[in-house]
Amino acid sequence: CRGWVGFSVKMAHRINAACDILLMPSRFEPCGLNQLYAQRYGTVPIVHAVGGLRDTVEPYNPFENTGTGWSFDAAEGNKFIEAMGHALSTYREYPDAFRSLQQRGMVKDMTWSHAAHLYEEVMVEAKYQGTRIGLDTHFYVDVYVHDSLT
């Protein structure tokens, strides 16, 4: 048995890559990188649906076989436990579905060029189709495009 105290980026990535499930019950997370790393390594995230965690982890839908992980909307222990129960049930009872979750996370395009393209689409839509646009189901932004920017 060996003990170690400290932090190493290399070791953090190795631990993340070696896991099947990442637990990330953050109360506040403006962006979050761990869930992005996890998905790239095939580690399925369970996250509190806040900030960047909500934006980057698509909820698993077993009926349509879509999504990249599980989320819970209230920062309460029972909600977290419920999400873990769903994940563990899928892991144990539906290994093919769990493998599909892992694979979707690994091929998800999380590059800056993809994000910039999505951002550009939102700005073009704002300019030509109105001033109130939905970025996703939880967030709306009012956009004013000044004539001098055209």
Side-chain angles (χ1 to χ4, degrees), residues 1-127 129 132-143:
C1 183
R2 183 177 136 194
W4 176 62
V5 176
F7 179 77
S8 161
V9 172
K10 184 177 179 181
M11 183 59 71
H13 280 269
R14 284 181 174 179
I15 291 169
N16 213 339
C19 295
D20 292 311
I21 297 173
L22 170 73
L23 306 178
M24 199 163 176
S26 304
R27 288 186 180 270
F28 173 79
E29 191 68 56
C31 175
L33 293 175
N34 286 328
Q35 80 282 3
L36 299 177
Y37 299 146
Q39 289 176 83
R40 181 62 68 195
Y41 292 131
T43 302
V44 180
I46 300 174
V47 301
H48 180 209
V50 294
L53 300 178
R54 180 186 64 222
D55 297 336
T56 57
V57 178
E58 300 162 36
Y60 174 58
N61 180 334
F63 304 106
E64 297 178 11
N65 198 26
T66 59
T68 57
W70 284 268
S71 62
F72 55 99
D73 56 0
E76 300 169 2
N78 62 323
K79 298 289 186 180
F80 184 39
I81 291 168
E82 183 180 332
M84 286 190 296
H86 292 305
L88 292 173
S89 172
T90 303
Y91 179 82
R92 289 182 188 135
E93 298 170 26
Y94 306 98
D96 291 339
F98 194 85
R99 232 173 273 110
S100 292
L101 272 160
Q102 292 174 304
Q103 290 168 350
R104 280 192 296 278
M106 287 189 285
V107 299
K108 188 175 176 181
D109 187 356
M110 294 178 271
T111 62
W112 278 114
S113 59
H114 178 69
H117 176 72
L118 294 176
Y119 182 79
E120 182 179 22
E121 285 179 357
V122 168
M123 292 299 112
V124 169
E125 183 179 333
K127 180 177 179 181
Q129 295 183 4
R132 188 163 177 84
I133 55 174
L135 297 175
D136 61 28
T137 58
H138 305 286
F139 179 71
Y140 286 88
V141 62
D142 289 314
V143 178

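One is the number of the first residue; the rest follow in order along the sequence. None of the values given here were measured: they were computed from a predicted structure.
For H117, the NE2 atom is loosely surrounded, since the number of other residues' heavy atoms within 6.0 Å does not exceed 12. With a 6.0 Å radius and a threshold of 12 heavy atoms from other residues, nucleotides or ligands, Y41 has its OH atom above the threshold.
Looking at every heavy atom in both residues, A87 comes nearest to I46 through CB-CD1, 3.5 Å. Among all heavy-atom pairs drawn from R92 and P95, the shortest one is O-CD, 4.1 Å. Across all their heavy atoms, Q102 and V44 have their closest contact at CG-CG2, 3.6 Å. Nearest heavy atoms, T43 versus N16: OG1-O, 2.6 Å. Summarising the geometry of R27 relative to A75, their closest heavy-atom pair is NH1-CB, 3.4 Å, with the distance given to 0.1 Å. Of all heavy-atom pairs spanning T90 and A97, the tightest one is CG2-CB, 4.2 Å.
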Item to check | side-chain contact (heavy atoms from CB on, under 4.5 Å) between V57 and Q39, worked out | outcome: CA-CA 9 Å; V57 178; Q39 289 176 83; 3.9 Å; yes
Item to check | Residue pair I21, F98: steps toward the side-chain contact (heavy atoms from CB on, under 4.5 Å) verdict | outcome: CA-CA 10 Å; I21 297 173; F98 194 85; 3.8 Å; yes
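A salt bridge links E58 with K108: the closest approach of a Lys/Arg side-chain nitrogen to an acidic carboxylate oxygen falls below 4.0 angstrom.
Taking 4.5 Å as the limit, every side-chain heavy atom of Q35 sits out of range of all side-chain heavy atoms of T68. Counting only heavy atoms from C-beta outward, the side chains of L23 and M84 approach each other to under 4.5 Å.
Shown here are the side chain to side chain donor-acceptor pair (under 3.5 Å) partners of E82, two or more places apart in sequence or in another chain: there are none. With sequence neighbours excluded, the residues satisfying side chain to side chain contact (heavy atoms under 4.5 Å, CB included) with S113 are T111.
Taking CG from L33 and OG1 from T56, the interatomic distance works out to 9.5 Å, rounded to the nearest 0.5 Å. Between atom CG of residue N34 and atom CD of residue E29 there is a gap of 7.5 Å, rounded to the nearest 0.5 Å.
Looking at R54, its side chain never comes within 3.5 Å of a backbone N or O of S71 through a donor-acceptor pair.
Under the ring pair (Phe, Tyr, Trp, His ring centres under 6.0 Å) criterion, the residue pairs touching residues 45-69 are H48-F72, Y60-W70, with sequence neighbours excluded.
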